[in-house]
2 protein chains.
Amino acid sequence: MVKKYGLEDVSKATVSRMATYLRCLTYLEQQGASTLSSRELASLTGVSAEQVRQDLSVFGRFGKRGTGYDVAHLKTEVEAIFGRGVERWKCCIVGVGSLGTALMSSRMVQKWGFRYVAAFDRDPRKIGTHVERIPVYSIDELKTIVRREHIAIGVIAVPASSARNVARILCEAGIRGILNFAPQSIKVPEKVPMLSVDLSQEFLKLSFYIQSAEQRAREEQIQIDAASHNE
Amino acid sequence: MVKKYGLEDVSKATVSRMATYLRCLTYLEQQGASTLSSRELASLTGVSAEQVRQDLSVFGRFGKRGTGYDVAHLKTEVEAIFGRGVERWKCCIVGVGSLGTALMSSRMVQKWGFRYVAAFDRDPRKIGTHVERIPVYSIDELKTIVRREHIAIGVIAVPASSARNVARILCEAGIRGILNFAPQSIKVPEKVPMLSVDLSQEFLKLSFYIQSAEQRAREEQIQIDAASHNE
DNA sequence: CAGTGTGAATAGGTTCACAGCG
DNA sequence: CGCTGTGAACCTATTCACACTG
């Protein structure tokens, strides 16, 4: 089916939620659910029902009025939006440390059509070995192999100090997109999409929200105390 | 210094950027930088200078007009916003698989005052062992140990199928915040802050952006072709 | 008549423009 | 004079309200 929407004007938030919907749809299909309403999908994902309908309507009209959405059909449509069926994304990982190894072990990622075909490291003891059946090469071979194998996605799992250099090499090799797990801001040409995930930042953010929640709780307690005092 | 702002009305986006600023400030301090302007911090983090000033002004007036910000001082202030100095956050990890192990090995997290004091797993072969010097206990002991050790943060690194159960146990144990790495939507009481990171969703999102970028490139190419045709 | 799809209203976040200070 | 801090303008995202359909 040919899509009429322009991928370029889909908001980041919508893309993120679409991925969550897809995860839920997969789960629901496994559970044997056949149809679901926007309200159900909303309550499963923690967004509002209007938001679900608004998000889906960006890409098409997938629902039946009065009935809701067909789980299997909607899943196929959302998969197509994320490029499933179009191709199986070839990935490589740079940095075979504990995080890199953990990422390669994740069966999850494979399920969506992503496939690691190469790993790269600087450590001579690792070069030539295999991790999760994926061969580990020297970073010097990166450009050659990325080009030869037509690798689409490069995953950066090296220390912050080498992240920028790795990103540069990946871009020069003609990589189509980058996933950066190094705690380092990286600039890449605008035509190379990049997403960064900084695990330590998540801890920092969480500690902020904990303090925020506990401050709010204290303030509410003071209000309750004051109110009971006035009785 | 006593803060005048209400932590509750700080936007998610601002919190996220503040964590990025802190990462940059740490880097800059190591590099020996003494002052920086909002424009410099902006270009390092990929946001606008106005955004940087707007974000910082939520928490206080840290800059000197005409000069900029003092790196060391601003870093201290931002650290304080994230609760550094107030306490060292005790953490526990549930699920000693490859991801759980990778998270425990991360020195990064320790640098910000987070400290793993316990790990939990269901696998009898892992219980009683140590991973990165952190003892692995049975999940049955979770509640007791979290309460006894006053553990603040629980990290979920188990398969999706057990994530909800683990979250429930953590909440019952009185955990103050949760970081969820399982690909599963989880509901927790509103008073327990939770952040979720789904690594496979990041791959999906990236593949969407790659397609989007390549579609845009094709469209631009068509425009260029058409223009040169009209010459 | 239940539930989608969608224009309109509202809320929220970002950028602009400039006053004010070091 | 340069750069911060900030109200106002602008733009984006979410929610509301309801027409419409299977």
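Keep in mind the model is a prediction, meaning the values are calculated, not measured. In what follows, chains are A, B, ... by sequence order, proteins preceding strands, each numbered from 1.
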Problem - 5'-most by nearest nucleotide on DNA chain D - A:Thr67 or A:Ser48 - result: A:Ser48
Handout entry: Nearest-nucleotide comparison on DNA chain D, the residue closer to the 5′ end among A:Glu50 and B:Arg53
Key =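 Comparing both residues, the 5'-ward one is B:Arg53.
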Problem - C:dT4 OP1/OP2 closer than 4.0 Å to side-chain N/O of A:Ser38 - result: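 It does, given that an N or O in the side chain of A:Ser38 lies less than 4.0 Å from OP1 or OP2 of C:dT4.
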Exercise for the section: Would you classify A:Gly66 as touching base, sugar-phosphate or nothing, given that sugar-phosphate means primed atoms plus P, OP1 and OP2, and contacts are heavy atoms under 4.0 Å? Expected result: base
Ignoring hydrogens and angles, are the base of [N] and the side chain of [X] linked by a donor-acceptor pair under 3.5 Å?
| X | N | value |
| --- | --- | --- |
| A:Gln51 | D:dT15 | no |
| A:Arg65 | D:dT21 | no |
| A:Arg61 | C:dG5 | no |

What is the separation between atom [atom1] on [X] and atom [atom2] on [N], rounded to the nearest whole Å?
| X | N | atom1 | atom2 | value |
| --- | --- | --- | --- | --- |
| A:Arg17 | D:dT12 | CZ | C1' | 12 Å |
| A:Leu56 | C:dT6 | CG | P | 11 Å |
| B:Gln54 | C:dG13 | CD | C1' | 9 Å |
| A:Phe59 | C:dG5 | CZ | P | 14 Å |
| A:Phe62 | C:dT6 | CZ | P | 11 Å |
| B:Lys64 | D:dC1 | NZ | P | 23 Å |
| A:Leu36 | C:dG3 | CG | P | 11 Å |
| A:Leu74 | C:dG3 | CG | C1' | 14 Å |

Exercise for the section: Could you walk me through whether A:Ile178 and A:Cys171 pass side chain to side chain contact (heavy atoms under 4.5 Å, CB included), step by step? Expected result: CA-CA 9 Å; A:Ile178 294 176; A:Cys171 289; 4.0 Å; yes
From [options], pick the nucleotide closest to the side chain of [X]?
| X | options | value |
| --- | --- | --- |
| B:Ala13 | D:dT14, D:dT6, C:dT14 | C:dT14 |
| B:Ser11 | C:dG22, D:dA19, C:dG13 | C:dG13 |
| B:Tyr69 | D:dG22, C:dT6, D:dT4 | D:dT4 |

Problem - Aromatic centroids of A:Tyr69 and A:Phe62 separated by under 6.0 Å - result: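 No, the ring centres sit 6.0 Å or more apart.
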Practice task
Please indicate whether A:Lys64 has more than 12 foreign heavy atoms, meaning atoms of other residues, nucleotides or ligands, lying under 6.0 Å from its NZ.
Solution key: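 12 or below, so no.
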Practice task
Consider only side-chain N and O atoms of A:Arg23 and B:Ser185, and report whether a donor and an acceptor are under 3.5 Å apart.
Solution key: yes
Exercise for the section: Please name the pair of heavy atoms, one in A:Ser48 and one in A:Ala42, separated by the smallest distance, quoted to 0.1 Å. Expected result: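 Smallest interatomic distance, heavy atoms only, reads C-CB, 3.6 Å.
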